[in-house]
Amino acid sequence: MRPSKPVTESKSILSSQMLPSDANPMGFVHGGTILKLVDVAAGVTALRHTRETVVTASMDRMDFYNPVYVGGSYTEEQYSNS
């Protein structure tokens, strides 16, 4: 059995500048672009936590409360607690 590790060892922070190719004609970033970035950060976090190859199995829900605009930056921070 592997020894447990602190949450900080699996922490990942992803930042990205939103470009016109990420958005619709109104300048709102596509939800799929955000979902892709979430998936990438989750993969990095899981890889750091397990030190093995990982895949995204499922995601129950994602709610978008505020738009992200072209030219804005998107930052997310993830940890693994298990």
Would Val70 and Leu19 count as a side chain to side chain contact (heavy atoms under 4.5 Å, CB included) here? Give the steps. CA-CA 5 Å; Val70 170; Leu19 303 173; 5.8 Å; no
Taking [X] for the side chain and [Y] for the main chain, is one N or O donor matched with an acceptor at less than 3.5 Å?
{"X": "Thr56", "Y": "Ser58", "answer": "no"}
{"X": "Glu76", "Y": "Ser15", "answer": "no"}
{"X": "His49", "Y": "Ser10", "answer": "no"}

Looking only at heavy atoms, which two atoms of [X] and [Y] are closest? And how far apart?
{"X": "Gly27", "Y": "Ala23", "result": "C-CB, 4.0 Å"}
{"X": "Leu47", "Y": "Val54", "result": "N-CG2, 4.0 Å"}
{"X": "Arg48", "Y": "Glu9", "result": "CB-O, 3.9 Å"}
{"X": "Ile13", "Y": "Thr75", "result": "CG2-CG2, 4.0 Å"}

Can you tell which of Asp22, Leu37, Thr33 makes a side chain to side chain contact (heavy atoms under 4.5 Å, CB included) with Tyr74? Leu37
Pair Thr45, Ser12: side-chain N/O donor-acceptor within cut-off below 3.5 Å: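 There is such a pair between these side chains.
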Output, in order, the C-alpha distance, side-chain angles, deciding distance and verdict of side chain to side chain contact (heavy atoms under 4.5 Å, CB included) for Met18 and Ser73. CA-CA 6 Å; Met18 297 294 102; Ser73 64; over 6 Å; no
Check against side chain to side chain contact (heavy atoms under 4.5 Å, CB included), Glu77 and Lys11: CA-CA 7 Å; Glu77 193 170 305; Lys11 176 181 176 181; 3.7 Å; yes
Evaluate the criterion side chain to side chain contact (heavy atoms under 4.5 Å, CB included) for residue pair Val44 and Leu14; output intermediate values, then yes/no. CA-CA 9 Å; Val44 170; Leu14 174 81; over 6 Å; no
Counting heavy atoms not belonging to Asp63, are there more than 12 under 6.0 Å from its CG? yes
Among residues at least two apart in sequence or on other chains, which ones pass side chain to side chain contact (heavy atoms under 4.5 Å, CB included) with Met62? Leu35, Val38, Met59, Phe64
